[in-house]
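Shown next, in structure tokens, is the structure this report addresses.
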Amino acid sequence: MLRHRPGLSGAFLTRRVFDPDTTGRELRIIRDDLHCNAVRFQGTDIGRLMTVAPAALELGLQLWLSPELFEHTQAATLDYLVRAATAAEPLQQQFPGRLVFCVGTESTLYTKGIVPGRTVNRRLANVRRAGLRSGPYARELQAFLAEAAGRVRRVFRGPLTYASTLVEAVDWSLFDFIGVDHYRLSAYDRRYAEMIRRYLGQGKPVVNAEFGHSAYRGDRLGQMEFGEVDLVSLGLHRVPCAGRLVRPRLKRGTNVRDEQKQARELTRTLGLLAAEGVDGAFVWTFADPWLTHTADPRHDLDMTATSLVKTYARGHGTTYPDLPWEPKQAFGAVAGFYATH
């Protein structure tokens with residue numbers, strides 16, 4: 001399984017150019033060369049999602065469709081989910097059982113009103129102080145998920161899931177798949193397998209909905225993606241016209257590119273999940289178009305990305321000369337694991 005993002009509007013994950021033909025080409029590579037049997041699409045633009053969703057299904061991939069409206073109220077998010085589910089229902093009828101609809105990702109943090117706080121960081125701080133497995137935050141989350149599942153099921157007849165955090169207590173009777181975003185970070189490396197066990201044995205498939213590893217050795221273990229990227233320079237780079245004068249860079253540190261480490265850690269995590277009997281896992285992620293690769297380590301944003309391919313700001317790769325990226329060692333590691341499992 002692999003996570004592939006057509007574009008998350010309003011975030012650093014948005015692709016500069018959305019080209020359905022390129023996405024279709026990448027999906028064939030994901031199926032044929034990475035040996036994946038499922039893909040997860042995450043995005044805000046329902047039109048984009050529905051444009052590329054048929055391509056995945058026609059290739060025989062199972063599709064986890066994850067429309068996400070981050071940083072909006074519960075009411076706005078619920079209305080949005082219903083619109084997305086309504087748009088997805090014709091595909092569900094055409095490919096019954098192959099389209100899984102995800103009603104949210106870590107909603108405690110990314111949907112306003114479940115936990116107090118104007119920003120994700122403030123909500124996270126409140127969660128750490130109060131916990132989520134009991135008390136008012138847990139009740140708010142359950143009420144939101146129950147409403148989301150109920151409203152979506154009125155317009156969508158396929159299987160449902162939710163991508164939870166480890167600290168969220170979810171009533172999984174609402175869903176057909178148990179989904180949890182479970183990264184293997186240094187803080188709980190030794191307890192990683194143990195932490196996934198509590199989701200097993202409930203009579204439903206358990207899927208790690210999101211995990212990944214970065215391609216670097218650094219001085220801040222466990223950090224991924226934007227933890228090492230200078231977001232000011234990346235934001236300025238995205239400003240039309242003027243952004244061409246700003247080159248995105250990494251924060252000062254002792255990071256060293258290490259693709260072998262990323263490949264090794266991905267293989268280990270996949271092995272741990274398989275040994276526990278987890279039914280599937282989505283690698284975060286196939287490509288990070290904004291975290292580009294360069295030979296200059298000060299500007300090699302890709303070394304912090306968890307993507308399986310390194311994207312070039314200009315030009316194309318050599319393995320697939322028609323595409324603006326080149327597989328990392330992690331690409332081969334994941335392909336090898338999936339080919340034998």
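Side chains are part of it too, since the values below use all heavy atoms of this structure and drop only hydrogens, waters and symmetry mates. Because the structure is a prediction, the values reported are computed rather than measured. In what follows, residues are counted from 1 in the order of the sequence shown.
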From [X] atom [atom1] to [Y] atom [atom2], the distance as rounded to the nearest 0.5 Å:
X: D32; Y: L59; atom1: CG; atom2: CG; answer: 7.5 Å
X: R247; Y: T292; atom1: CZ; atom2: OG1; answer: 8.0 Å
X: L145; Y: L160; atom1: CG; atom2: CG; answer: 11.0 Å
X: E276; Y: M195; atom1: CD; atom2: CE; answer: 12.5 Å

Taking C-beta and beyond as the side chain, do [X] and [Y] meet within less than 4.5 Å on heavy atoms?
X: L250; Y: V229; result: yes
X: T161; Y: D176; result: no
X: L273; Y: Y192; result: yes
X: H72; Y: Y80; result: no
X: I114; Y: S107; result: yes
X: W325; Y: L308; result: no

Does [X] use its side chain to pair, donor to acceptor, with the backbone of [Y] at less than 3.5 Å?
X: E326; Y: T319; value: yes
X: R123; Y: L109; value: yes
X: T86; Y: V155; value: no
X: Y188; Y: Y183; value: yes
X: E259; Y: Q329; value: yes
X: R40; Y: S66; value: no
X: S164; Y: G179; value: yes
X: E140; Y: V115; value: no
X: N208; Y: H182; value: yes
X: Y320; Y: E26; value: no

Exercise for review: Please say whether more than 12 non-hydrogen atoms of neighbouring residues, nucleotides or ligands are located less than 6.0 Å from CD in Q93.
Suggested key: yes
Review point. Does the side chain of D171 pick up a donor-acceptor pair with the side chain of S173 at under 3.5 Å?
Key: yes
Exercise for review: Indicate the ring-plane relationship of F211 and H213, choosing parallel, tilted or perpendicular according to the 30° and 60° boundaries.
Suggested key: perpendicular
Exercise for review: Name the orientation class of the two ring planes belonging to F177 and W64 (parallel below 30°, tilted from 30 to 60°, perpendicular beyond 60°).
Suggested key: perpendicular
Can we say [X] and [Y] salt-bridge, meaning some charged N sits less than 4.0 Å from an Asp/Glu carboxylate O?
X: R151; Y: D79; value: yes
X: D19; Y: R25; value: no
X: E89; Y: R157; value: no
X: R31; Y: E58; value: no

Review point. Got a sec, which residues hit ring pair (Phe, Tyr, Trp, His ring centres under 6.0 Å) with F101, two or more places apart in sequence or on another chain?
Key: F156
